[in-house]
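Below is one structure, written out as structure tokens; the observations come after it.
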There are 2 protein chains.
Amino acid sequence: MDTRRPTLEAVAARAGVSRATVSRVVNGQTTVDAQIRDAVLRAIDELGYVPNSAARSLVTRQTDSIALVVSEPPTRVFSDDPLFSLVVRTVSSELEAAGKQAVLMLAGSQQAQERVESYVSGGHVDGVMLLSMHGADPLPIALSRMSVPAVSYGRPAAAVPLPHVDNDNVGGAEQAVRHLLAAGRRRIAAIAGPQDMTAGQDRLIGYRDALRASDRRSIVAVGDFTRASGAAAMRQLLEDDPALDAVFAANDLMAIGALQALRKAGRRVPDDVAVAGFDDIEAASFADPPLTTVRHPVVEQATAMVRMVLTPPAERESDRVVLPTELVVRDSA
Amino acid sequence: MDTRRPTLEAVAARAGVSRATVSRVVNGQTTVDAQIRDAVLRAIDELGYVPNSAARSLVTRQTDSIALVVSEPPTRVFSDDPLFSLVVRTVSSELEAAGKQAVLMLAGSQQAQERVESYVSGGHVDGVMLLSMHGADPLPIALSRMSVPAVSYGRPAAAVPLPHVDNDNVGGAEQAVRHLLAAGRRRIAAIAGPQDMTAGQDRLIGYRDALRASDRRSIVAVGDFTRASGAAAMRQLLEDDPALDAVFAANDLMAIGALQALRKAGRRVPDDVAVAGFDDIEAASFADPPLTTVRHPVVEQATAMVRMVLTPPAERESDRVVLPTELVVRDSA
DNA sequence: ACCGCGGAAGAGAGCGCTCTCAGGCGCATC
DNA sequence: GATGCGCCTGAGAGCGCTCTCTTCCGCGGT
């Protein structure tokens with residue numbers, strides 16, 4: 001292509017030593033005479049030597065990079081979701097701190113998932129982190145069979161034996177619904193998330209558990225975690241049960257959509273209808289009225305996931321971590 | 001580490017041919033007898049052979065991956081900015097279509113920039129795309145000197161000779177301000193973006209150009225592209241010139257902040273004060289009132305950048321692409 | 001004076017792949 | 001029938017690095 005970069009060999013020649021010695025210096029071994037080390041370092045500096053990573057990983061069998069796979073179909077606009085960015089950012093900087101490189105891969109289509117699979121089995125990465133998986137995704141199962149460590153952000157579908165870090169979706173939803181109950185609400189509806197995602201499933205379970213304990217009946221509409229679907233679900237619920245006086249939405253984006261639908265329908269929040277969300281994204285506090293919601297520790301969750309993927313399976317304390325959630329009470333409920 | 005993956009050698013042995021022939025089959029060369037090809041393909045399948053990418057790139061000197069570097073300091077919450085996600089997503093899928101892999105790197109700190117530099121010069125990637133650069137960043141200059149092609153999303157700082165794809169920030173700002181003028185506004189203030197970013201600079205230039213042509217005086221406060229800074233700048237402007245009747249904000253996030261500050265100050269939008277933004281993020285249409293803003297083609301810009309980094313410098317038509325913007329008139333102005 | 005020992009440097013064998021070059025075979029040409 | 005040409009296939013030389021094994025050297029012990 002263009003002028004060849006200097007190699008170990010060149011550095012060795014310049015410093016008047018052998019390749020092996022230069023390698024030792026580069027890799028920080030201590031068994032090198034100080035004077036020789038200095039000479040080598042000087043040669044490296046003069047030549048502007050940088051190790052060739054392909055050659056290195058050919059022999060060491062590791063690449064120092066870890067894949068972060070986001071399985072979101074392109075049709076679904078996840079660019080909305082601020083959680084995604086935050087996870088990416090956290091993972092990336094945590095990995096960096098560990099001397100690893102994050103490789104972000106999108107796996108929205110069947111085809112893209114196959115690409116990811118062959119990328120991983122081609123030895124490009126030392127580990128895989130999975131984000132935003134859906135029930136039918138074949139990728140997690142494929143990865144769990146490979147020799148590369150794979151972990152999941154959020155509980156994977158039931159049949160998939162993947163180590164993971166999740167937050168307490170069931171418990172969080174329960175907290176929110178109990179808060180609505182405690183405020184004296186009688187007809188509490190739910191806008192559930194997509195039921196092919198465990199976060200969607202678990203938050204609905206939490207809602208049902210809380211209601212069951214109180215003997216109220218449940219009213220459910222299903223959305224897909226987008227604002228628009230939240231608004232549509234809200235209209236549906238209003239039609240099904242005009243007397244409802246509270247709504248629990250499985251995420252904030254849908255809750256905000258619900259807020260808009262309620263306003264359009266002439267209901268006051270929280271006077272007529274109380275609304276609670278889940279996630280505590282930034283927009284929740286700017287909503288009108290500010291949204292009562294369930295906060296979960298995104299950064300901690302991402303950090304724990306990185307730690308997990310970096311720890312060899314044999315040395316892990318646990319293959320399953322669940323982090324607590326916290327109810328944030330604002331004006332909407 | 002664990003059970004060794006099959007190599008070319010193993011496939012060759014199984015198919016009863018030489019390594020070279022298997023390599024030809026794997027790389028899709030046509031000069032192989034159909035019968036032999038089938039035998040090789042069968043052997044590959046039976047063994048579950050996947051080429052070792054490190055070995056391959058050691059000899060081919062290319063890695064089929066391209067870095068996307070985001071130079072945003074960690075202190076600045078870019079997780080807010082939906083444009084970021086959209087660019088990442090577009091770049092990633094465009095690259096995928098070209099058989100390349102995107103490697104996302106964060107370069108928020110001095111240290112991180114050095115990491116990126118050595119990663120790139122270590123031969124990990126075949127090209128680099130830079131996003132969200134600030135004036136003082138040393139990285140672009142370092143990269144422009146390397147043998148790996150580098151391109152920038154948005155015009156880089158003046159002194160940096162980097163090919164780039166930008167949108168017409170100056171023209172877009174002019175459009176917005178001319179719209180305010182045409183609506184009869186007399187005192188048009190600006191909330192400028194960070195002046196160490198060319199998008200911030202250029203949008204301010206557009207504002208000034210439009211005003212100069214009309215003989216109005218300019219009133220400027222500077223923000224940093226965040227919502228909070230927009231609100232703060234708005235309060236400042238109101239204090240400086242209580243009689244202002246229009247504001248051009250250099251991005252939508254700041255415009256939304258300004259909207260909130262105006263409401264708190266008891267000004268009606270657009271009756272008392274007209275507000276125009278820039279970017280046309282989704283939140284702009286949900287703002288209260290819906291925001292008049294300047295739309296620029298993010299997807300096209302990202303796509304053009306990918307095309308540019310994939311095209312060898314010698315074959316490029318141009319090292320500088322500028323895409324047009326479009327005024328979107330809603331209720332705020 | 002000899003031996004042995006430990007620490008530090010060098011020699012050299014790969015890692016798994018690509019690619020050039022040579023070799024072999026069949027067929028058309030003279 | 002000898003020659004040449006084209007087309008496939010195989011042999012083998014690296015790509016740049018790591019790592020084991022060997023060698024070398026200096027030094028203390030007997």
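By convention in this document, chain letters (A, B, ...) are assigned in the order of the sequence lines, proteins followed by strands, and residues within each chain are numbered from 1.
- The backbone N or O of A:Met308 sits less than 3.5 Å from a side-chain atom of A:Arg316, completing a donor-acceptor pair.
- Taking only side-chain atoms of A:Asp33, from C-beta outward, the nucleotide of C:dA8, D:dT20, D:dA11 with the closest atom is C:dA8.
- In this structure, B:Asn52 places its CG atom 18 Å from P of D:dC15, rounding to the nearest Å.
- With A:Arg14 contributing its side chain and A:Leu47 its backbone, the two residues share no donor-acceptor pair below 3.5 Å.
- In this structure, CD of B:Glu9 is placed 9 Å from P of C:dC15, rounded to the nearest angstrom.
- Within the structure, side chain to side chain donor-acceptor pair (under 3.5 Å) contacts touching residues 32-45 of chain A (residues at least two apart or in different chains) do not occur.
- The CG atom of B:Asn27 sits 9 Å away from the C1' atom of C:dC17 (whole-angstrom rounding).
- The B:Ser18 side chain lies nearest to D:dG10 when the options are D:dG10, D:dC17, C:dG10.
- Formation of a donor-acceptor pair under 3.5 Å by the B:Ser152 side chain with backbone atoms of B:Leu162 is not found in this model.
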Below 3.5 Å is the cut-off: list the nitrogen or oxygen pairs between protein and nucleotides 22-26 of chain D, distance only.
none

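- Under the 3.5 Å distance criterion, the side-chain polar atoms of B:Asp196 are left unmatched by any main-chain donor or acceptor of B:His134.
- Looking at heavy-atom distances under 4.0 Å, B:Val26 makes no contact with the nucleic acid at all.
- Counting atom types as modelled, A:Arg61 pairs no side-chain N or O with a base atom of C:dG16 as donor and acceptor under 3.5 Å.
- Annotation: side chain of B:Val88 is in contact with side chain of B:Leu68 (closest heavy-atom distance under 4.5 Å).
- Rounded to a whole Å, the CG atom of B:Leu8 is 12 Å from the P atom of C:dC19.
- Of the candidates A:Leu143, A:Asp126, A:Val103, A:Leu143 is the only one forming a side chain to side chain contact (heavy atoms under 4.5 Å, CB included) with A:Val120.
- When distances run from any side-chain atom of B:Pro51 to the nucleotides C:dG14, D:dA11, C:dC17, the shortest one goes to C:dC17.
- Whole-Å rounding puts the A:Arg56 CZ to D:dC19 P distance at 9 Å.
- Taking both residues in full, the closest heavy atoms of A:Thr7 and A:Tyr49 are given as C-CE1, 3.5 Å, listed atom of the first, atom of the second, then distance.
- Looking at A:Arg5, its side chain has no donor and acceptor atom pair within 3.5 Å of the base of D:dG16.
- The distance between atom CZ of A:Arg19 and atom C1' of D:dG14, rounded to the nearest whole Å, is 12 Å.
- An OP1 or OP2 oxygen of C:dA9 is reached within less than 4.0 angstrom by no side-chain nitrogen or oxygen of A:Thr21.
- With D:dG10, D:dC8, D:dT18 as the choices, the nucleotide that has an atom nearest any side-chain atom of B:Thr31 turns out to be D:dC8.
- End-to-end axis angle for the helix from C:dA1-D:dT30 to C:dC30-D:dG1, using five pairs per end and rounding to 10°, comes out at 60°.
- Side chain of B:Gln113 to backbone of B:Leu139: a donor-acceptor contact under 3.5 angstrom is found.
- Note: CD (A:Gln29) to P (C:dA9) measures 11 Å, nearest angstrom.
- The backbone N or O of B:Ser53 lies less than 3.5 Å from a partner atom in the side chain of B:Ser57, making a donor-acceptor pair.
- Within the 4.0 Å cut-off from OP1 or OP2 of C:dT18, at least one side-chain nitrogen or oxygen of B:Ser23 is found.
- Atom P of nucleotide D:dA13 and atom CG of B:Leu58 are separated by 17 Å, given to the nearest angstrom.
- Among the nucleotides C:dC19, C:dC17, C:dG10, the one closest to the side chain of B:Thr60 is C:dC19.
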